[in-house]
Amino acid sequence: MQYKFFPQTNEDLNVMFKKIGINSLEELYAEIPNSIRFKGDYDLPSEMGEMEIRRFFEELGKKNDQLTIFAGAGAYDHYTPAAVSNLVERSEFLTSYTPYQAEISQGTLHYIFEFQSMMAELTGMDISNASMYDGSTATAEAVMMAKANAKKAEKVLVSATVDPKILRVIRTYAHFNGIKIELINEKDGATDKADLQQKLNGGGVAGVVVQQPNYYGVIEDYSGYSDACHEQKALFIMNSIAADLALLKTPAEWGADVAVGDGQSLGIPVSFGGPYVGYMCCTEKMMRKMPGRIVGATKDSRGQRAFVLTLQAREQHIRRQKATSNICSNQSLMALFTTIYMSMMGKEGLKEAATLSYAGAHYLCDELLKTGKFTLAFNQPFFNEFCVRYDGDVDKLQKHLADNGILGGVKIDGRTIMFAVTEKRTKAEIDKLVELTKEA
C-alpha cells in the first residue's frame with residue numbers, strides 16, 4: 001500500500017526491491033509472524049489547516065502549569081534577553097553543523113573562538129575548548145584527562161558534595177575506562193579536607209574533583225587543595241556553575257588544573273532539561289589533552305584574520321580508538337547562545353544578575369527561618385541556593401506550593417529542601433512563598 005506521506009515513489013521502491021532481490025514490501029516483511037503484526041487502523045488525526053493546528057496546540061499548551069521556579073540543583077531560571085533567541089534562530093546559525101572545512105565555516109569558527117575567549121576569562125584559565133555536551137559529561141571528560149595525564153595512577157577522588165547527577169555520569173565513564181572512583185567524605189555540607197589528605201597520601205590518585213558552589217549551594221573554602229593534589233602529582237578539577245563565577249573566586253585563583261561545568265546558567269532557558277552546553281578550560285600545560293574542539297585565530301594567504309581548528313591531533317576526529325575522547329559532535333549552537341548572552345549582559349550585567357540572585361536567596365532564607373518552621377541544614381556560607389530542614393511533611397509542603405503556582409525547591413531527603421533564587425524572582429514572589437509555608 002502506498003501512503004502520500006512516504007517520500008519514495010513506486011519507481012524508487014522497485015529499484016530498491018531489485019537491488020536486494022525481492023518483488024514487494026510484503027516479501028520484505030515475510031519473516032515477521034502474522035500473529036504479532038498490527039491489523040487495526042492507525043490512530044492518526046485527520047489533516048488540519050494552519051489555523052486549526054495553531055488553535056489545537058494553544059489549547060494543549062493551556063494544560064501545562066506555569067510555575068514560579070524556586071528550584072535549582074543544576075538548572076536555573078535566569079533571565080534571557082529577547083535578542084538572544086532572535087539571533088540564534090537565524091538560518092545561518094541553525095543550519096550549520098560541524099566546522100571541519102574552515103574555508104566555509106568562518107562564522108561558526110568565529111563565534112566558537114569568542115565563546116572560548118569569554119569562558120577562559122570567566123574561569124581565569126589559560127585556554128578553553130568548545131563542544132562539551134553539558135556540565136556532567138564535561139566533568140567526566142576531565143576525569144579521563146586526569147587518568148591520561150597520570151598514566152599509571154587509576155584512581156580519581158570525587159567529593160561527596162558534588163551533584164549526584166554528575167557523579168553518576170562520572171561513574172559511567174569511569175567504569176568503561178578502567179578508572180576507580182572513590183568518594184571524599186563530607187562534613188557539615190562541605191568536603192572533609194582531612195579525609196582528602198588521607199586518601200591522597202595513600203597514593204595512586206590521578207585527580208580530585210570538587211564543585212563550587214557545591215551541590216547543597218555551599219561556597220566551599222578550597223585553600224590548599226591545589227597544593228595537596230600537586231604534591232601527589234594529581235590534577236585538581238573544579239566544577240562550577242558558570243554564572244556564579246561573575247562574583248566568586250575563579251577556578252584559576254583556587255589553583256585548578258581543569259575547570260568544568262554547565263553553561264545553562266548563562267541565559268539558557270530550563271527547557272525541560274536541555275539542550276544545554278558544557279564548558280572546559282585548563283592550564284596551558286594540559287591543553288593538548290583536551291577533548292572537544294579548540295578554535296584558534298590565524299591569518300589567511302591574503303593576511304586577513306581567519307579561524308581554524310587547532311592544537312589537536314587528527315586522531316581526535318579520524319582514528320577514534322586513539323582519540324583523547326569520544327566528544328566530537330558539536331554543541332556550538334548553545335555555545336553561541338551563551339556567547340550572545342554574555343556579550344549583551346557584559347561584565348557588569350553578569351555581576352548584577354549574580355548579586356541579585358545572592359541577595360534574593362539570603363532574603364528568602366532569613367524569612368523562612370523567621371517562620372520557626374525551618375532551620376539551616378548546614379552552618380556554611382551559600383550563594384543563591386541553600387538547604388533548610390522543615391519540621392513538617394516535605395511532600396505536603398511542596399504540593400501545597402505547587403497547587404498555588406510555585407515550584408518549591410528540590411527535596412534532598414525526608415526533611416530537607418533546597419531552594420534556589422535567581423534575579424528573576426521578585427520580592428513579592430518570595431513573600432508569597434513564605435506566606436504559603438506558614439499556611440502549610
Are [X] and [Y] side-chain neighbours, meaning at least one heavy-atom pair lies under 4.5 Å?
X	Y	value
P275	Y133	no
Q106	L109	yes
M342	M119	yes
R293	N129	no
E92	T108	no
P291	M132	yes

Q: Establish, from distance only, whether the side-chain atoms of S332 and Y111 form a donor-acceptor pair under 3.5 Å.
A: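 Their side chains do contain a donor-acceptor pair, which is all the 3.5 Å distance test asks for.
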Q | Donor-acceptor pair between D431 and Y363 side chains, under 3.5 angstrom | A | yes
**Q.** side chain to side chain contact (heavy atoms under 4.5 Å, CB included) assessment of H362 paired with F386
**A.** CA-CA 9 Å; H362 283 74; F386 60 92; over 6 Å; no
Qualifying salt bridge (charged side-chain N to carboxylate O under 4.0 Å, His left out) pairs, either residue in [range], two or more places apart:
range	answer
residues 262-286	none
residues 202-228	none
residues 361-378	E367-K370

Give, for atom [atom1] of [X] and atom [atom2] of [Y], the distance between the pair rounded to the nearest 0.5 Å.
X	Y	atom1	atom2	answer
I53	E47	CD1	CD	10.0 Å
I181	R171	CD1	CZ	7.0 Å
T80	I340	OG1	CD1	11.5 Å
F70	L401	CZ	CG	9.5 Å
D393	Q398	CG	CD	9.5 Å
T416	R389	OG1	CZ	4.5 Å

Donor-acceptor pair, distance only, cut-off 3.5 Å: does the side chain of [X] make one with the backbone of [Y]?
X	Y	result
N177	Y173	yes
D188	F378	no
N214	G189	yes
Y222	Q211	yes
E154	K180	no
S271	P269	yes
D134	S136	yes
K165	A73	yes

Q.
Name the residue from T375, T371, L397, T437 that meets the side chain to side chain contact (heavy atoms under 4.5 Å, CB included) definition with Y390.
A. L397
Q) Picking from D126, I127, V260, what satisfies side chain to side chain contact (heavy atoms under 4.5 Å, CB included) with C282? A)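 Of all the options given, the one that passes is I127.
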Q. Does a salt bridge link K62 with E58, judged by any charged N lying under 4.0 Å from a carboxylate O?
A.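 Salt bridge: no.
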Under the side-chain hydrogen bond (donor to acceptor under 3.5 Å, both in side chains) test, which residues partner [X], sequence neighbours left out?
X	answer
Y76	E385
T250	E253
D395	K411
R168	none

Do other residues, nucleotides or ligands put more than 12 heavy atoms under 6.0 Å from the [atom1] atom of [X]?
X	atom1	value
K424	NZ	yes
H175	NE2	no
Q197	CD	yes
Q66	CD	no
Y358	OH	no
N379	CG	no

(Q) With side chain to side chain contact (heavy atoms under 4.5 Å, CB included) as the criterion, how do Y276 and M334 come out once you've worked through the C-alpha distance, each side chain's angles and the decisive distance to 0.1 Å? (A) CA-CA 7 Å; Y276 295 161; M334 303 317 296; over 6 Å; no
Q: Would you please test V205 and K199 for side chain to side chain contact (heavy atoms under 4.5 Å, CB included) and show each step?
A: CA-CA 8 Å; V205 177; K199 288 180 166 69; 5.7 Å; no
(Q) For F113, give me all partners under ring pair (Phe, Tyr, Trp, His ring centres under 6.0 Å), at least two apart in sequence or on another chain. (A) F307
Q.
Restricting to ring pair (Phe, Tyr, Trp, His ring centres under 6.0 Å), what partner residues turn up for F115, sequence neighbours left out?
A.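 F115 satisfies ring pair (Phe, Tyr, Trp, His ring centres under 6.0 Å) with no residue once adjacent residues are dropped.
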Q.
Which residues pass the side-chain contact (heavy atoms from CB on, under 4.5 Å) test with E423, not counting sequence neighbours?
A.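 Only H78, Y79, A353, L356, S357 meet the side-chain contact (heavy atoms from CB on, under 4.5 Å) criterion with E423.
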**Q.** Selection residues 334-349 - residue pairs positive for side chain to side chain donor-acceptor pair (under 3.5 Å), sequence neighbours left out
**A.** E121-K347
Output side-chain donor-acceptor pairs under 3.5 Å for residues 233-246, partner residues at least two apart or in another chain, one line each.
from	atom 1	to	atom 2	distance (Å)
N239	ND2	T139	OG1	2.9
S240	OG	Q212	O	3.3

Q: Step by step, work out the side chain to side chain contact (heavy atoms under 4.5 Å, CB included) result for Q264 and V277.
A: CA-CA 6 Å; Q264 182 276 329; V277 61; over 6 Å; no
Q.
Does K432 form a salt bridge (charged side-chain N to carboxylate O under 4.0 Å, His left out) with E429? I'd like the steps, not just the answer.
A. CA-CA 5 Å; K432 178 182 176 182; E429 290 171 337; over 6 Å; no
